[in-house]
Q: 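Shown below is the structure under consideration.
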Amino acid sequence: MTGKRAGDTVTVRVPAKLNLQLAVGPRRADGYHDLVTVYHAVSLFDEVTAEPAGRDGVTVGGEGADQVPADRDNLALRAAAALRKTLAGRSAGAGRVHITIAKRIPVAAGLAGGSADAAAALVACNELWDGGLSQSQLLEVAARVGSDVAFALLGGTAVGRGRGERLTQALAPATQYHWVLAFADGQLSTSEVYAALDRLRGRGGRGDGPREIAQPELDAALMSALRSGDARLVGRTLSNDLQSAAVSLFPALRKTLAAGLELGALGALVSGSGPTCVFLAASADRALDLAVSLSGAGVCRSVARVTGPVPGAVVVPPAR
Ligand code: C5P
């Protein structure tokens, strides 16, 4: 996570995430749900630049920029403020900062783009301010900023527990997986999808009382598939407890998922809280075929081919 500094500007590249498993437990007293999830970072990146400024500010450009708050509610700016607080008394250089976000990860798409930008801001400001925090110290700050922020720092493939912030890197072989992402013509709010899941589960209960929801558990079949590096097995073991809730709010996704499977995907699922749909392909060539066919089928707004796993947030070396 170390890098060079060009003058007083630091740029960090940060990946989107998929959830290869997303097991959701009962709603907790604080409104969150306990999770067991298998995160997987893929090659769709935002770039975040931090530079000293007279006051804190943020500029957002690129894909969906007009839907990202450009004020103190911005998650990247909140992450910078959280880091500054952590560094108080430790680093003389933790001053005001302007953050510029170049977005390629679609907003409110189930790909944790906002969390990615927050993770990138942590890495960039730690560098800019000579904060000297280790990765594990940055992970602690990240966990306070949002559920998926810590994973965007770590990257690779990792098991997340708690709200998703308690991470263990998965020891998978160096297999590269080929994915096709189908971006939807619309967005979903994460909290609304969780609320829809609670409603669906409530309705499925018997008798008067609420149904007992089991604690989430890691899928041993998926972990064994990842250890084998066999994409066919991985495709068969993808799962997402939020999928039915996302589809209930965005019924067109049913057609998108079915089309990808008909066109030969090894597996298909909604990414996180959606509405992006994710398809696993057997090879780079198959991914290209699938992407072209999905585009032609008119079941999504646009498609992208990505590979994973990729590393988490890293400083971009300055151009010479
Ligand atoms: O942590 P984050 O801000 O990304 O979460 C957004 C919303 O998603 C939360 O306010 C909550 O409604 C829901 N959520 C949840 N359980 C989780 C993660 C998120 O209920 N583990």
Side-chain angles (χ1 to χ4, degrees), residues 14-41 46 58 64 67-69 71-82 101 103 105-122 138-154 158-168 187-202 210-211 213-219 239-246 248-250 269-276 312-313:
V14 66
K17 65 84 188 152
L18 312 179
N19 303 83
L20 308 186
Q21 182 195 3
L22 182 47
V24 182
R27 190 173 181 276
R28 309 191 309 207
D30 65 1
Y32 281 89
H33 296 71
D34 271 322
L35 306 179
V36 173
T37 187
V38 178
Y39 285 115
H40 184 73
D46 279 358
V58 61
Q67 292 141 57
V68 180
D71 55 21
R72 277 175 192 286
D73 285 342
N74 184 281
L75 206 56
L77 213 49
R78 283 184 10 217
I101 304 174
K103 289 214 65 69
I105 307 172
V107 177
L111 298 166
S115 298
D117 299 340
L122 288 178
L138 280 181
L139 284 168
E140 275 175 37
V141 182
R144 291 200 295 274
V145 178
S147 307
D148 295 329
V149 181
F151 175 69
L153 279 181
L154 197 65
V159 177
R161 297 174 196 274
R163 285 185 294 125
E165 81 287 7
R166 287 192 350 246
L167 295 170
T168 321
Q187 301 179 326
L188 282 172
S189 138
T190 303
S191 56
E192 283 173 22
V193 175
Y194 275 99
L197 177 69
D198 291 338
R199 283 198 301 278
L200 287 175
R201 285 176 163 176
R211 188 162 54 132
I213 305 295
Q215 288 303 322
E217 278 181 30
L218 186 61
D219 181 355
S239 69
N240 180 359
D241 282 356
L242 289 180
Q243 182 158 312
S244 55
S248 76
L249 296 174
F250 204 133
L269 87 174
V270 168
S271 179
S273 55
T276 303

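Small disclaimer: the values here were computed from a predicted structure and weren't measured. First listed ligand is number 1; within each ligand, the first listed atom is number 1.
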Q: Please check if the side chain of D241 supplies one atom and the backbone of V24 the other of a donor-acceptor pair under 3.5 Å.
A: yes
Q: Hydrogens and angles aside, do T276 and S271 bring a side-chain donor and acceptor to less than 3.5 Å of each other?
A: no
Q: Would you say the side-chain atoms of Q243 pair up with the backbone N or O of L269, donor to acceptor, closer than 3.5 Å?
A: no
Q: Applying the side chain to side chain contact (heavy atoms under 4.5 Å, CB included) test to L111, which of D148, D46, I105 qualifies?
A: I105
Q: Could you check whether any side-chain N or O of D34 sits under 3.5 Å from a backbone N or O of G25, counting only pairs where one atom can act as donor and the other as acceptor?
A: no
Q: What pairs with A143 under side-chain contact (heavy atoms from CB on, under 4.5 Å), at least two apart in sequence or on another chain?
A: E165
Q: How would you list, by chain and number, the residues with a heavy atom under 4.0 angstrom from ligand 1?
A: G31, Y32, H33, L35, S147, R163, T190, S191, Y194
